[in-house]
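Worksheet: one structure, shown below.
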There are 2 protein chains.
Amino acid sequence: MDKLKTFLQTLAQITDKEFEDSKNNFQKVYLKKGELLLQKGKVCKQMSFVNRGSLRTFYFNNKAEEITHCFRTEGTFISSYKSFILQEPSILSIIALEDTELVVIDYDKVQKLYSTSLAWQNIGRLLTERAYIEMEEYASVLNNESAKEKYLRLLNEQGEILQKANVEHIATYLGVTRRTLSRIRQEISMQ
Amino acid sequence: MDKLKTFLQTLAQITDKEFEDSKNNFQKVYLKKGELLLQKGKVCKQMSFVNRGSLRTFYFNNKAEEITHCFRTEGTFISSYKSFILQEPSILSIIALEDTELVVIDYDKVQKLYSTSLAWQNIGRLLTERAYIEMEEYASVLNNESAKEKYLRLLNEQGEILQKANVEHIATYLGVTRRTLSRIRQEISMQ
DNA sequence: TGGGGCATAGGACAAATGACCTCAAATGCT
DNA sequence: AGCATTTGAGGTCATTTGTCCTATGCCCCA
C-alpha cells in the first residue's frame, strides 16, 4: 500500500491517519498476463491502482475492430472511467499486459468516502481532473500529429509499453493501421 | 441565473437554499461577437456557464496553425479547464462566436465553495467527470471515424454550430483541412 | 456603386495511409 | 524437439487526404 499512499499524498493533503483509517477499504488483486480485469458489458465497480505490471484498455468500434484505448503502467490508476462514474455497462475491457498487482477499491466504498470525507472528495476530484487533462492531451495529439509524430511521442512518454504491447495494440492506439506503423518503424530505423 | 440553477439541480442534489446562499459568488458577463473571454498565456481564473450565445476555444499547434479545440453552446460550462484546474497559463483562447451572455464564477470562490460545502465539492467533481467523458468521446471519434463520419456527427450533435463557425474552425476541429471539408460537403450535397 | 478584402468551392497533382496479401521469424504447446 | 499458430515486416495497388492554387461570390465601406 505504500506506493499508493505516496501517490495520494503527492496528489492531495491527506494525513497518515486519514489514510490508515480508510486503508481497509482497499484490497490487493493479482492478475496473470492476459487476464481480464474488466469485461465489456459489465459495470465497472472498481478503481484500481497499479502497484506492479501494466494493463491495456480496449473496445470495439462500429466496424467491430478492436481498438486500444489506453495503456497503464505502475503508479497510475486504472478503471473504465465512464462506466465507473455513471455505473453503466462498460464499453471498455481491461486486460493485463503482464503479471500485475493492483490495489483495488469498490465503487460503494469510494462513494462512502466521498460522502464522509472532504479529503477523499478532494482526491476524487483531483484524480478526475488529471484524467481529464490526460485525455485532452491525447485528443490534441490525435488531432494534430502525423502518425510518425504520434509514434515518437509514445516512444518518448511510454516507451516501456512498446516492449509489452504488440503491433496491433500500438497501431490502434495511435489510430493507424499495422502497415503504417511498420512503415514508420522502417523509416526510423533507417535514420 | 435560473438556467444555471436548473442545470445544477439536474446534475446534483443541491437545495434551493444552498443555491441561493452561494448565488452572490456568480456574476453576469456579456460578450460581443468576436470578443475574447480568455487570451492564451493568461491564467484562466473563471468558470463560465453559457446563458445565451456560443463560444469557441482554440490554440496554436507546433506548426503555428490555429486549431479549434471545442465549441460551446447554451446550457453548458466553458473554461480553459486545464489552466483553471492547475492555475497555470492557458494554451487555449476563448472567443465568442456571437453575442453571448455568461454567468461567471472566479477560481477563488470555487475553491471556497469546495472547502466549505460537500454539495459544491460534489458538483465540481461531477462537472469534471462530465468533461472527462466528453473528451474521451471526442478522442474516440478522432481516432476511429473518417473525415466524413466526423462531419456528420458534428452536424447531428451540434448542427447549430455549422451556421455560426466558419469552414476553417470546423475543419481544424475535425482534424482535417479545408479542402477535405469542402469535398465532404460536396459529397453529401450530391446524395 | 464600385473596388478591396475575405471566405468558400473546387481543380490538379503529390503525399500519406489503407486494404490485401505473402513470407519469414517467433512463440506456444504437447 | 517438432508442429501449429501467432506475429511482424514489408510488397503492391487503391483510396484518402493534403498542398497549392484559382475563380467566384459576398460584404463592407468610402
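Below, read A as the first sequence line, B as the second, and so on, with proteins coming before strands; counting in each chain starts at 1.
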Counting only pairs under 3.5 Å, give me each side-chain donor-acceptor contact of residues 120-128 of chain B, with atom names and distances, residues two or more places apart or in other chains.
{"residue": "B:Trp120", "atom": "NE1", "partner": "B:Ser22", "partner atom": "OG", "Å": "3.3"}
{"residue": "B:Gln121", "atom": "OE1", "partner": "A:Arg125", "partner atom": "NE", "Å": "2.8"}
{"residue": "B:Gln121", "atom": "NE2", "partner": "B:Tyr114", "partner atom": "O", "Å": "3.3"}
{"residue": "B:Asn122", "atom": "OD1", "partner": "B:Arg125", "partner atom": "NH2", "Å": "2.6"}
{"residue": "B:Arg125", "atom": "NE", "partner": "A:Gln121", "partner atom": "OE1", "Å": "2.9"}
{"residue": "B:Arg125", "atom": "NH1", "partner": "B:Glu129", "partner atom": "OE2", "Å": "2.8"}
{"residue": "B:Thr128", "atom": "OG1", "partner": "B:Tyr81", "partner atom": "OH", "Å": "3.4"}
{"residue": "B:Thr128", "atom": "OG1", "partner": "B:Gly124", "partner atom": "O", "Å": "2.6"}

Using atom [atom1] of [X] as one end and atom [atom2] of [N] as the other, report the distance to the nearest whole Å.
X: B:Lys148; N: D:dT15; atom1: NZ; atom2: C1'; value: 14 Å
X: A:Glu145; N: D:dT17; atom1: CD; atom2: C1'; value: 18 Å
X: A:Ile170; N: D:dA9; atom1: CD1; atom2: C1'; value: 14 Å
X: B:Lys150; N: D:dT17; atom1: NZ; atom2: P; value: 8 Å

Along DNA chain C, first and last positions that approach a heavy atom of chain A under 4.0 Å | C:dT17 to C:dC20
Taking the six-membered ring for Trp, are [X] and [Y] closer than 6.0 Å centroid to centroid?
X: B:Tyr173; Y: B:Phe58; answer: no
X: B:Tyr138; Y: A:Tyr138; answer: no
X: A:Phe49; Y: A:Phe26; answer: no

Are any non-hydrogen side-chain atoms of B:Lys148 and B:Arg183 less than 4.5 angstrom apart?
-> no
In A:Lys109, A:Gln46, A:Met47, the residue satisfying side chain to side chain contact (heavy atoms under 4.5 Å, CB included) with A:Val104 is A:Gln46
Indicate the ring-plane relationship of A:Tyr59 and A:His69, choosing parallel, tilted or perpendicular according to the 30° and 60° boundaries.
-> perpendicular
Passing candidate, salt bridge (charged side-chain N to carboxylate O under 4.0 Å, His left out) with B:Glu98, options B:Lys164, B:Lys32, B:Lys33 = B:Lys164
Going 5' to 3' through nucleotides 18-23 of chain D, assign each nucleotide B (protein heavy atom under 4.0 Å from a base atom), S (under 4.0 Å only from sugar-phosphate atoms) or - (no protein heavy atom that close).
-> BBB---
